[in-house]
Amino acid sequence: MPTSWSDSMEKAPANGGIGATSRASRSTYVPPHLRNRPSSAETSAAPVPHAGPALGNDMQGHVGPAVGGSHSVGHRRDRSGGGGGRGGGGGWNNRSGGWDRGREREANPFQDDVDTEPAFGVQENTGINFDAYEDIPVETSGKNVPPPVNTFAEIDLGEALNLNIRRCKYVKPTPVQRHAIPISLAGRDLMACAQTGSGKTAAFCFPIISGIMTNSQSGPRPPRMPRMAFPVALILSPTRELSIQIHEEARKFAYQTGVRVVVAYGGAPINLQLRELERGVDILVATPGRLVDLLERARVSLQMIKYLALDEADRMLDMGFEPQIRRIVQQMDMPPPGVRQTLLFSATFPKEIQRLAADFLSNYVFLAVGRVGSSTDLIVQRVEYVLETDKRSHLMDLLHAQRANGVQAKQALTLVFVETKKGADSLENWLCINGFPATSIHGDRTQQEREYALRSFKSGKTPILVATDVAARGLDIPHVAHVVNFDLPNDIDDYVHRIGRTGRAGKSGLATAFFNENNSSLARPLADLMQEANQEVPAWLSRFAARSSYGRNRRGGGSGGRFGGRDFRRDSSNRGGGMDYYGSGNNVNGGYGASGGYGGGYGPTVTSAWD
DNA sequence: AAAAAAC
């Protein structure tokens with residue numbers, strides 16, 4: 001079903017080779033001041049991307065890598081206009097040494113999809129179930145909130161990015177994208193409460209890549225320090241696998257834009273990462289520990305940072321990363337809030353995150369997207385009473401039944417969550433002994449093993465993955481048909497994240513939980529959550545819930561049920577004299593405004609936001 | 001209590 005956006009896209013081969021694309025558009029040089037402009041007049045109201053605050057235009061004369069005296073300058077500038085239809089040269093940091101080497105060497109990131117998922121069709125690889133998002137409530141607040149868009153066509157991201165969006169088979173933006181992208185493109189700081197699987201990565205990557213392309217040739221150059229990398233954008237995430245995944249996605253979005261994306265995380269040889277950094281980096285995706293290491297070695301400087309994105313911020317704090325994050329953001333050479341643009345993503349919005357937001361953000365827009373669990377009609381949740389001693393045989397029954405039902409192993413991946421690393425090892429072992437193709441992922445396995453396990457699972461080679469919470473959040477694994485909570489987590493939010501690994505990409509999903517006395521603290525929130533999701537709540541679970549004390553293990557921070565959090569600035573204690581700040585009437589874009597669907601108009605209140 | 005994360 002083509003949208004106006006896809007209609008307007010020029011026809012291009014899905015796997016368009018480098019030569020083909022470049023040739024197609026090389027002849028149309030677009031001068032810088034006309035780049036990033038819509039071709040049709042009606043979209044002229046689109047927000048103008050924010051020019052980096054600290055950037056002057058006085059350096060414009062130094063366009064291209066001229067200082068290096070490279071003979072390739074001319075070529076590169078020719079190509080820059082053509083490669084993606086607009087400034088494709090990347091930032092100052094693209095040290096590819098000329099178009100011919102830099103361009104040709106860029107491996108096609110879309111090729112990987114075919115390599116790692118041979119068992120599956122290419123119909124949808126977004127991992128996002130768009131229809132399930134139609135009814136997700138969205139709430140924004142803050143001063144002069146840029147209005148959301150309904151299609152990618154309304155967002156002016158440029159030809160190269162549009163082509164990549166198309167290659168990714170994204171047809172329409174998810175709710176978080178519809179709101180966050182215009183906000184980010186307008187140069188605003190953003191505090192977003194959104195779950196993984198909501199399309200967050202693209203929501204912060206698109207504006208960053210677009211901004212880098214637009215401003216790539218302007219602003220001060222980084223000092224010429226040998227072996228020191230000067231990223232323009234930094235994306236921090238809590239786990240290595242999440243960093244890897246963000247990197248893989250960002251590479252797709254940045255393909256043939258000249259924007260270089262590099263990833264740095266622990267557990268892997270640092271030399272390879274150092275070499276990648278030396279080749280030039282615009283966007284650095286990193287876990288905090290490895291980044292601190294790189295900063296201490298003076299191999300990375302943050303002084304050129306224009307964009308900072310923190311993903312899964314609440315998780316990072318849970319994991320004790322706050323000191324390291326504060327060090328990175330506040331005590332190194334990163335430009336302060338207001339100079340850089342900061343995008344903070346978190347599933348929940350407790351006090352600690354509010355403090356972080358107050359310290360890291362400047363005049364931010366608050367965006368809350370409904371919890372994944374609130375709209376997971378496609379996930380059937382089952383809770384079964386299983387004693388600890390019976391868990392293994394019960395799991396085997398489930399797996400046998402799954403097999404008997406003709407569920408093709410390769411198409412129906414099963415993700416089994418356990419509480420401990422030891423438990424993961426022994427369950428994996430036990431499954432293998434009993435003839436089930438299983439592997440496992442947890443923090444005591446080497447990084448190599450972790451990555452291998454994930455690949456093996458994704459490809460369907462071992463369609464059963466036993467995991468600790470390392471895999472609970474953020475990981476986007478298409479085709480997970482069944483999530484088994486072999487051990488239930490203590491926190492209902494973790495449960496929501498875990499079951500969110502299924503029911504993706506338009507497929508229905510099943511989530512089975514093994515419940516017993518050890519989980520009684522979870523009874524009430526679990527029963528409430530299932531009720532909210534129109535799931536059948538077993539009577540025995542309701543009895544457990546009634547027995548457990550009131551208010552225990554309820555969602556903390558006063559979050560309002562459907563959202564992970566709410567904008568604390570709107571609370572009365574912060575209200576003094578704040579009417580001009582938050583009271584202009586465009587604050588709340590109708591809590592349930594998204595229900596109108598993507599094609600139709602958005603809430604009637606929205607257009608006034610620009611007035 | 002356990003999980004995650006730099007060497």
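Not measured: the values here are computed from a predicted model. Letters go in sequence order (proteins before strands), and every chain restarts at 1.
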query = Heavy atoms under 4.0 Å, any strand shown: does A:Q324 hit a base, just sugar-phosphate, or nothing?
reply = nothing
query = Hey, is the side chain of A:R445 poking within less than 4.0 Å of OP1 or OP2 on B:dA4, counting only N and O atoms?
reply = no
key: Single hit among A:E449, A:E428, A:K421, A:R450 for side-chain hydrogen bond (donor to acceptor under 3.5 Å, both in side chains) with A:S440   = A:E428
query = Does B:dA4 have OP1 or OP2 sitting under 4.0 Å from an N or O in the side chain of A:T287?
reply = no
key: Under 4.0 angstrom between A:R240 side-chain N/O and B:dA4 OP1 or OP2   = no
ask   = What is the distance from CZ of A:R315 to P of B:dA3, rounded to the nearest Å?
value = 12 Å
ask   = Once you round it to whole Å, what is the distance between P of B:dA5 and CZ of A:R326?
value = 22 Å
query = Within the structure shown, what part of the strands sits under 4.0 Å from A:G267 by heavy-atom distance: base, sugar-phosphate, or nothing?
reply = sugar-phosphate
task = Mind calculating the distance between CG (A:D425) and P (B:dA2) to the nearest angstrom?
result = 15 Å
inquiry  = Heavy atoms only, 4.0 Å cut-off, all strands: where does A:R297 land among base, sugar-phosphate and nothing?
reply    = nothing
key: Base B:dA3 to side chain A:D318, donor-acceptor N/O within 3.5 Å cut-off   = no
note = Quick note, A:E296 side chain, CB onward, closest among B:dA6, B:dA1, B:dA4 is B:dA6
key: Interatomic distance, A:Q447 CD vs B:dA4 P [rounded to whole Å]   = 11 Å
Non-hydrogen side-chain atoms of A:D528 and A:L526 separated by less than 4.5 Å = no
Qualifying residues under salt bridge (charged side-chain N to carboxylate O under 4.0 Å, His left out), relative to A:E352, sequence neighbours excluded = none
query = In whole Å, what is the span from the CD1 atom of A:I441 to the C1' atom of B:dA2?
reply = 16 Å
ask   = If you draw the axis of the six-membered ring of A:F544, does the NZ or CZ of A:R547 fall within 45° of it and under 6.0 Å from the ring centre?
value = yes
query = If only side-chain N and O atoms of A:K421 are considered, is one of them under 4.0 Å from the OP1 or OP2 phosphate oxygen of B:dA4?
reply = yes
inquiry  = Rounded to whole Å, how long is the line connecting atom CG of A:N490 with atom P of B:dA1?
reply    = 11 Å
query = Taking only residues two or more places apart in sequence, or in another chain, which ones meet A:R297 in a side chain to side chain donor-acceptor pair (under 3.5 Å)?
reply = A:D293
request  = Starting at atom CE of A:M319, determine the distance to atom P of B:dA3, rounded to an integer number of angstrom.
outcome  = 12 Å
query = How would you label the contact of A:V470 with the nucleic acid (heavy atoms, under 4.0 Å): base, sugar-phosphate, or nothing?
reply = sugar-phosphate
ask   = Quick one: A:L291 CG to B:dA6 P, roughly how many Å, whole number?
value = 10 Å
